[in-house]
2 protein chains.
Amino acid sequence: MNSEENKLILAAFKVGVNNVIFSVDSHHHQLLVLLVKREEKFFNNQWGLPGTLVRNGESLEDASQRILSEEIRVDNLYLEQLYTFERPNCNSKTSLDSFNIRHLSVSYFALVRFDKANSLGINNYNRTNWYMIQKVPQLIFDHNQILDYGYQRLRNKLEYSPIVFEILPDLFTLNDLYQVYTIILGENFADYSNFRSRLLKLGFLIDTERKVSRGSGRPASLYRFDAEAFAPFKNKPFVFV
Amino acid sequence: MNSEENKLILAAFKVGVNNVIFSVDSHHHQLLVLLVKREEKFFNNQWGLPGTLVRNGESLEDASQRILSEEIRVDNLYLEQLYTFERPNCNSKTSLDSFNIRHLSVSYFALVRFDKANSLGINNYNRTNWYMIQKVPQLIFDHNQILDYGYQRLRNKLEYSPIVFEILPDLFTLNDLYQVYTIILGENFADYSNFRSRLLKLGFLIDTERKVSRGSGRPASLYRFDAEAFAPFKNKPFVFV
DNA sequence: GCAAAAGTGTTGCACTTACACCCATGG
DNA sequence: CCATGGGTGTAAGTGCAACACTTTTGC
């Protein structure tokens with residue numbers, strides 16, 4: 001087959017999924033991302049996003065969920081497609097991909113509860129670990145780029161969609177909520193008292209009147225998120241912030 | 001090979017690209033999308049988004065550009081990845097895809113100048129046509145869904161990025177600009193005079209002092225977009241609207 | 001002069017910002 | 001009774017919607 005003929009032939013692909021899985025550790029005031037150490041010879045123990053190749057009979061999202069449940073034992077709280085990346089010239093570089101098989105990587109984005117997700121390190125010899133977002137090392141392939149893209153998306157989502165409530169317990173204090181926002185968006189996005197009044201005025205946070213005391217100081221009210229009352233704000237931008 | 005074994009085997013994919021190509025016909029005050037009539041036997045002359053399968057040696061974006069230049073002879077003005085869709089159970093439905101080849105469709109989104117793009121219908125026997133967005137018929141596969149997704153993206157883009165200037169001539173009146181916005185976003189997004197003052201205050205529209213007269217009425221100033229002056233607004237949301 | 005289109009100005013209202021202040025609890 | 005964190009209130013400033021008004025052209 002000469003090169004002209006080759007050009008008109010349809011490319012054959014294997015498809016992988018990569019997950020950008022975020023979690024918030026409120027206790028240490030840190031945004032975390034899940035990474036996996038790649039011990040295959042080509043990767044030389046570099047870290048990368050948790051991912052896998054798509055198998056027969058499973059959809060892309062299935063594959064993505066499989067990673068979530070294998071690496072951290074967690075029900076999906078929030079999962080969304082991010083972007084499709086092309087692995088550039090992969091076939092010519094690694095002997096794994098002989099025979100002109102090209103690779104595509106569809107990345108997904110997830111936000112999981114830290115307490116539920118924190119049961120890792122078992123049975124995987126520290127192969128999987130949470131990294132603080134500021135301390136992520138150089139990753140394999142283009143995974144740093146994918147991560148950046150996911151981080152961007154996370155911050156956007158936070159501003160107009162109620163994902164936070166997926167990682168907060170059913171009952172939470174307004175300070176809990178505020179903490180998550182500052183951890184992800186940085187300290188200087190709004191004053192706490194203004195954040196409070198703005199959100200409460202919107203009417204989808206219900207005061208249960210129940211109080212919880214955290215050390216000294218006045219006990220805080222526990223609130224819950226009312227999904228029905230939120231409905232009118234769906235797709236309306238900048239509900240929060 | 002039994003079904004258990006089959007499940008662990010990596011799926012093989014062919015990858016297609018589909019383009020959601022929008023254009024604005026200011027003269028008829030219409031938002032248009034480019035469709036292609038599919039004359040293959042399975043599609044029975046139904047319309048669909050212009051697309052193609054990815055060939056050897058070309059990247060996904062290459063393939064997408066190829067469509068742009070084949071269907072309408074146009075340099076890329078704006079091209080962006082939209083979303084990756086999975087063709088559900090395609091292999092079991094059409095005899096084309098025997099042998100467990102699955103299909104993935106990566107969709108791209110483009111906005112092209114109408115005058116430049118309007119040189120179609122030549123040599124293609126009305127196979128390609130612009131459709132008003134409200135009059136799009138039932139399309140093949142999930143193309144209606146992809147189109148909706150693209151339309152959504154277009155409206156979002158319009159609000160925080162300067163894509164409009166890619167489809168406007170170098171010199172344009174503020175009314176030209178306003179027209180494009182109302183065509184895409186609908187009439188009730190802002191009053192013309194407020195739109196004017198808000199945009200002018202931002203300082204990236206330069207009044208060239210040149211005037212143009214369109215029939216009766218006071219002649220309008222021609223403006224140009226100053227990309228440098230726009231720089232500080234990059235990624236800042238809701239610059240327009 | 002009159003209609004039509006371009007462009008300017010004004011006013012009220014709503015919302016944000018930056019604080020100051022009050023409240024309830026633990027020690 | 002004071003430190004601590006929770007919660008309320010307010011005054012100044014900003015931004016936008018609605019709409020009235022002025023300017024410059026063709027006829």
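Residue numbers begin at 1 in each chain, while the letters A, B, ... track the order of the sequences. Note that the coordinates shown come from a computational prediction; the quantities given were computed from them, not determined experimentally.
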Whole-Å distance separating the CZ atom of B/F195 from the P atom of C/dA6: 13 Å
Name of the residue among B/N45, B/L49, B/I140, B/L139 meeting side chain to side chain contact (heavy atoms under 4.5 Å, CB included) with B/R38: B/I140
Between A/L199 (CG) and C/dT16 (C1'), how many Å, whole number? 14 Å
Taking B/H143 for the side chain and B/G48 for the main chain, is one N or O donor matched with an acceptor at less than 3.5 Å? no
If you apply the rule side-chain contact (heavy atoms from CB on, under 4.5 Å), what do you find for B/I163 with B/L154, and how did you get there? CA-CA 9 Å; B/I163 24 169; B/L154 172 62; 4.2 Å; yes
Heavy atoms of B/V36 and B/R127 approach each other most closely as CG1-NH1, 3.1 Å
Nucleotide nearest B/A220 (side chain, heavy atoms from C-beta), chosen from D/dG6, D/dG9, C/dG7: C/dG7
Describe, in one word, how the ring planes of B/Y181 and B/F240 are oriented to each other, choosing from parallel (under 30°), tilted (30 to 60°) and perpendicular (over 60°). tilted
Whole-Å gap separating P (C/dT16) and CD (A/E159): 13 Å
Whole-Å gap separating C1' (C/dC19) and CZ (A/R196): 16 Å
Between A/A190 and B/S221, which residue's closest nucleotide on DNA chain C lies nearer the 5′ terminus? B/S221
Does D/dG6 have its OP1 or OP2 closer than 4.0 Å to a side-chain nitrogen or oxygen of A/R214? no
Is there a donor and acceptor pair closer than 3.5 Å between the side chain of A/N194 and the base of C/dA18? yes
For nucleotides 25-27 of chain C, which of its nitrogen or oxygen atoms have a protein nitrogen or oxygen under 3.5 Å away, and what is each distance?
from	atom 1	to	atom 2	distance (Å)
C/dT25	O2	A/G217	N	3.3

Nearest-angstrom distance from the residue atom CG of A/L200 to C1' of D/dG6: 12 Å
Classify the nucleic acid contact of A/S197 as base, sugar-phosphate or nothing, counting any heavy atom under 4.0 Å across all strands shown. nothing
Once you round it to whole Å, what is the distance between P of C/dA18 and CZ of A/R198? 11 Å
Between B/F109 and B/Y149 (judged by ring centroids, cut-off 6.0 Å), do the two rings come close enough to count as a pair? no
Over how many whole Å does the gap from B/Y192 atom OH to C/dA4 atom P extend? 17 Å
Using the ring centroid of each side chain, check whether A/F204 and A/F225 are separated by less than 6.0 Å. yes
Mind calculating the distance between CG (A/D191) and P (C/dC15) to the nearest angstrom? 18 Å
